[in-house]
Each structure stands twice: as structure tokens, then as C-alpha cells.
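Notes follow once the structure below has been shown.
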Amino acid sequence: MERGFDDTRVTISAGGTSVETTIGALEAIGNGRSIDVPASPVARVDASNLAATIDRARSLFSEGDYQNALWLSEAVYDQSKAAASYAKRMKLSDELIGKARRMQGDALLIETRAKMALADQFDEAQKAGVVATPGRPKKVSDENLFRLEDVGLSKGQVHEARKLRDAETKEPGLVARAIAARIEAGLEPSRANLRAAVGTASATKEERGDNFYQTPVVATRTLLAFESSSGTIWEPSVGLGAISAVLEAEGYEVVISDLVDRATVTQHGELQGVGDFLSSQPDAPGDGHDIVSNPPYGEVLNDYVAHALRVHKPRKMALLLNLNFLCGFEDDDRNFAMDENPPARVYVFKRRLPMMHREGWDGKKASSRMNTAWFVWERQEDGSYGDTTIVKRVDWKEYEDADALQPGEGGNASGVHFDEFKRETPRKTLDERISENEAQALIWCAEQTDFDAIELRRAIGVRPSTADGLIHWMLEKRLADPAGDVRFKISESGWLALQATAGVLVANDAARRAAI
């Protein structure tokens, strides 16, 4: 007996377009029936609709309708992921971001379980010999064939689902715990992070520890062949001391700390500090030690690098990073580290470093799949980090036994310079960028009922720091007033200033025309 039509509303987004429809319509499409679906785009995410869709996907899964459960949960995952990303970019409340991430986590759990169930069905169909195989004679009628495209999975997704299923079988509840752990930590419960968790699931919790990976000795030796730092270096993600031990062997004094207490000590027996680097504060910015580290990757990385440059302002900092750190433009912290405070030198390993295996791993040693580089920031005499980045390709095998530069020299021996990496014009200060955009910003803001820094930045095409500076300038000059949470509006004084600005512009234009 066919179920009744479900008119629960749901919003689906794909390719930048959002469509509002019903669960019944989605089921009809999934069953191959023709039905009219509203095609008008909607402007916002309805959290109640998403919650209702999650409940419906959960019910479909319980009823064994894994295909439609998968489709609905994938749609909710994408929609709630977009909502969380938007809320974060707009600096909305943590409560709203957390709610969107919880919905994303719920959808990911249903999606994952549906994929595992469909992978089971596929394996059963293979054993029964009813899987459609291209290019082979048919031995089974079409209606009894099992096709991956019919259930919306690729061969790669089936393979991934098997890994998830096997990990879940070995350690029941692993998937749910991995998702919950991300949400509890205030992080996005993404598919990629879930795959990463499953990648270490074959080991017990005791074996996995903190999923800690040590830096190869050759990486640090290569850095020291090219860079000298002050006599004392801070290693804020020391781990078990893979980097600090090499630094100490070459005559450096090392201050060590980490988020995790592994009881690591210096050569003098001094115990590591324990604390979150992102909450660390210097006694005075720019007066601290040089920094050398292999920082944690993932979502925290951009915050980590920006915090070091913004708060500690080290004279020199060398970080071992994925080469992809050169790219990216949507994260303000990444732009702050790479555009507004660019590294002076980047040493790219043209031969991939030896695999950084998990501590205590005795299994088969695989080669690394990640391209890495040392990113070196060096503060200039004017307090900035300059405007030039030099890139040099190096082979760590050539520096396994190389002599290290002496501690305290503070220089480098990169020996290269590329003109294409240097700006033709001097780097403008923040005050200069604010000054040259004041009139344009005031004119645009006057046309808005209210505005925030992100809207201003996008409208007049300036950096985040410039937009923040322009708003601070308007508030300081009383040209704008607060208009709610991180929003502003032009004040009466702002209107008077705008009129004066317009008068000057008109006068200048008239003078220019008279001179022609």
C-alpha cells in the first residue's frame, strides 16, 4: 500500500540556487513519478524545515528506504553546512552557528548510515550475481539488476562506505562519537573529518592516543641549513620534541609548550608548558622569542598562524605547512597571514618528506601524499612583515648532514631572488588605505539603511582590515552610529560631512572642466 503524500516543506540548495518543495515531491521524483516542483528561489534557510527533513530522513531510514533517506540527508547536510558557513562569515552568534552544525551533524550521521546500508545491499547483490556489469552478457533480467546509479552511489563511495561500515562493526558507535566530538569542540562535523577519523579507527583508542604525528628530523635540518634564528626559540606545539631536539643539538635554547601534556622536557630537564596557543598572550608584542613549529592542521591552522602574527608578532617565525597554504582567499585569517603579512621565504620540498607516521606505529610504512614547505616570516625594521616572498625549491636529502647556521645570527642563506614576487610599488600602510577610501565609503554607506563591515568591504572592494578601519574612523569622527549587533548607520554629522564632500567634488570637477 502506497504511503500518503507528505507535504512537509523543505528547501534544497544546489549550484547556488535554492528551491522550496515538499518531502512528498522529493519522494515522487525519487520514485520516477512526474510532479510539479516550485522553481522560485528562496532567500533564506528555514531551520524548522531542515529539522523536519532530518526527522523524515530518519524515519525513511528506519523503514528501510535507504535511498531516499540518503538523498534527503545529503540535501540537509549541504544546506546546514552553507548556513553555518554563512553565520560564521557574518559573525552571527555562536548559538546560531552551533545549531546549524548540529543539524549538519545529524544529517551526516543519517547519510553515513544510509551509505553503509546501501553498501551492504550492493555486497549482497554481488554475492547473488545480480550486479549490473558493463560490457558483459546479461544473465539476469533488468528488473532484478542492482545498479549503483539507481541508488546514487559511485564505486568510490561504496568503497568508502565499506570502510565506514567495517570501522563501525569493529567499534560500535564510532561514527556517532566522531561527529559528536567535532560538534562539542565547536568545529564543523564534515565528511572529510569523518573520513579522517575512520582512517585511524583500526587502532584502539589507547593505540591512537591523540593521533599525534612527529616531524621528520630531515625537515628541521633542512630549515637550519638555510635559516638562523635568535639564540632562544619557542616551540608552541612541541609534541614529543621532534623539532626541539634538533634545535637543541645545534645550540639553541628552546622554550616548549603544547595543548596536550606529554611530559616533554628540554635538554635541561625543564617540563613543557601546557595551554592553548590561541589563548596565549605575550608580555609585550614583538618582544618574545622566535617561533619554529609544525602547527596543528585542519580548521585551527588559519587561526593559529594569524594569532602568532597578530598577537605575538615574532621577529622570525618558521612553520612547516602544507603547500596549499599558499592558496585560498575566503578565510580572513589566511589572507591576513599571506597577503597583509606575507612570509619572507618559502622553502618548498620538491621531494616529499618521509611519512609522518603515528607515534608508535609498527605497521607498513607508506610514503607521504602531502607536499610541504617551510614558511618563514621575518619582521622588518618598520614593524611590518614586508611585501616580498621568495620561493626556493629544496631537496631534503641534500641537507641530511648539512651544517646548520649558527644560533643568534638571525639571517638566512637562501641565496635567491625572484623579481616577479616583488611589488613594483611600495606597500601602503593601513592608514593610507583608509584615507584613500574615506570618501567612497561614506558615499556608499549613506545610501544604505544600515550596514556592516563585510557589506562595506564587498561594496567598495577593500581588504577586511581596511573595512574595519573605515568603520572605526567613521565612529571616531561620529560620522556613523551603532545600529544593532555589529551594524552601523550614517549619523547626522555623517550627512553633513557627505554634503561637504560632495561640494568639494563638484567644485573640483568644475575646475577640471574649465581647464580643458
What I'd like to find out is whether the side chain of [X] reaches to under 4.5 Å of the side chain of [Y], using heavy atoms alone.
X: L259; Y: V274; result: no
X: V346; Y: I390; result: no
X: V348; Y: N371; result: no
X: Y347; Y: V376; result: yes
X: L60; Y: Q67; result: no
X: M474; Y: F488; result: no
X: K115; Y: L164; result: no
X: W473; Y: L479; result: yes

| said: Using the rule given for side-chain contact (heavy atoms from CB on, under 4.5 Å), can you reason through E171 versus R177, listing the C-alpha separation, both sets of side-chain angles and the distance that settles it, and then say yes or no? | reply: CA-CA 10 Å; E171 191 173 337; R177 289 196 299 274; 3.1 Å; yes
What distance do [X] atom [atom1] and [Y] atom [atom2] have between them, rounded to the nearest 0.5 Å?
X: C327; Y: M338; atom1: SG; atom2: CE; result: 8.5 Å
X: Y304; Y: L321; atom1: OH; atom2: CG; result: 10.0 Å
X: D120; Y: R165; atom1: CG; atom2: CZ; result: 5.0 Å
X: R102; Y: I183; atom1: CZ; atom2: CD1; result: 8.0 Å
X: K489; Y: D481; atom1: NZ; atom2: CG; result: 6.5 Å
X: D303; Y: R310; atom1: CG; atom2: CZ; result: 8.5 Å

Testing the basics here: between [X] and [Y], what is the closest heavy-atom pair and its distance to 0.1 Å?
X: K313; Y: Y385; result: C-OH, 3.1 Å
X: G494; Y: L442; result: O-CD2, 4.2 Å
X: G239; Y: D258; result: N-OD2, 2.7 Å
X: I54; Y: M103; result: CD1-O, 3.6 Å
X: N294; Y: L320; result: OD1-O, 3.4 Å
X: P295; Y: L301; result: CG-CD1, 3.7 Å

Side chain of [X], backbone of [Y]: donor and acceptor closer than 3.5 Å?
X: S73; Y: I110; answer: no
X: S280; Y: D276; answer: no
X: W396; Y: R352; answer: yes
X: E168; Y: L174; answer: yes
X: E235; Y: S237; answer: yes
X: W71; Y: Y66; answer: no
X: N341; Y: A337; answer: no
X: E455; Y: D452; answer: yes

| Verdict with supporting geometry, Y297 and M370, side-chain contact (heavy atoms from CB on, under 4.5 Å) | CA-CA 12 Å; Y297 291 4; M370 182 186 299; 3.6 Å; yes
| request: Begin with the C-alpha distance, continue with both residues' side-chain angles, and end with the deciding distance and a verdict on side-chain contact (heavy atoms from CB on, under 4.5 Å) for Q79 and T53. | output: CA-CA 11 Å; Q79 188 80 339; T53 310; over 6 Å; no
Show which side-chain atoms of residues 443-450 pair as donor or acceptor with protein atoms under 3.5 Å away, not counting sequence neighbours.
| residue | atom | partner | partner atom | Å |
| --- | --- | --- | --- | --- |
| Q448 | NE2 | W444 | O | 3.1 |
| D450 | OD1 | R487 | NE | 2.9 |
| D450 | OD1 | R487 | NH2 | 2.7 |

| said: Walk me through whether F375 and V305 qualify under side-chain contact (heavy atoms from CB on, under 4.5 Å). | reply: CA-CA 10 Å; F375 288 64; V305 180; over 6 Å; no
| message | Set out, in order, the CA-CA distance, both residues' side-chain angles and the distance that settles salt bridge (charged side-chain N to carboxylate O under 4.0 Å, His left out) for K81 and E188, then state yes or no. | response | CA-CA 8 Å; K81 176 182 174 72; E188 178 195 358; 2.5 Å; yes
| Steps toward salt bridge (charged side-chain N to carboxylate O under 4.0 Å, His left out) verdict (R457, D468) | CA-CA 8 Å; R457 169 170 63 87; D468 290 338; over 6 Å; no
| request: Go through the structure and list residues passing ring-ring contact (aromatic ring centres under 6.0 Å, His included) with F336, not counting sequence neighbours. | output: none
| In terms of heavy-atom contacts, does CZ of R393 have more than 12 from other residues, nucleotides or ligands at under 6.0 Å? |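 No, CZ of R393 has 12 or fewer neighbouring heavy atoms, counting only those of other groups under 6.0 Å.
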| said: For F277 and H312, take the angle between the two ring planes, folded into 0 to 90°, and tell me which bin it lands in: parallel under 30, tilted 30 to 60, perpendicular over 60. | reply: parallel
| field | Non-neighbouring partners of E438 that pass salt bridge (charged side-chain N to carboxylate O under 4.0 Å, His left out), sequence neighbours left out | value | none
| message | Could you check whether R334 makes a cation-pi contact with F325, meaning its NZ or CZ is under 6.0 Å from the centre of the six-membered ring and within 45° of the ring axis? | response | yes
| Honestly, is R191 close enough over Y77, meaning NZ or CZ under 6.0 Å from the six-membered ring centre and within 45° of the axis? | yes
| request: Step by step, work out the salt bridge (charged side-chain N to carboxylate O under 4.0 Å, His left out) result for K163 and D166. | output: CA-CA 5 Å; K163 290 168 61 179; D166 294 344; over 6 Å; no
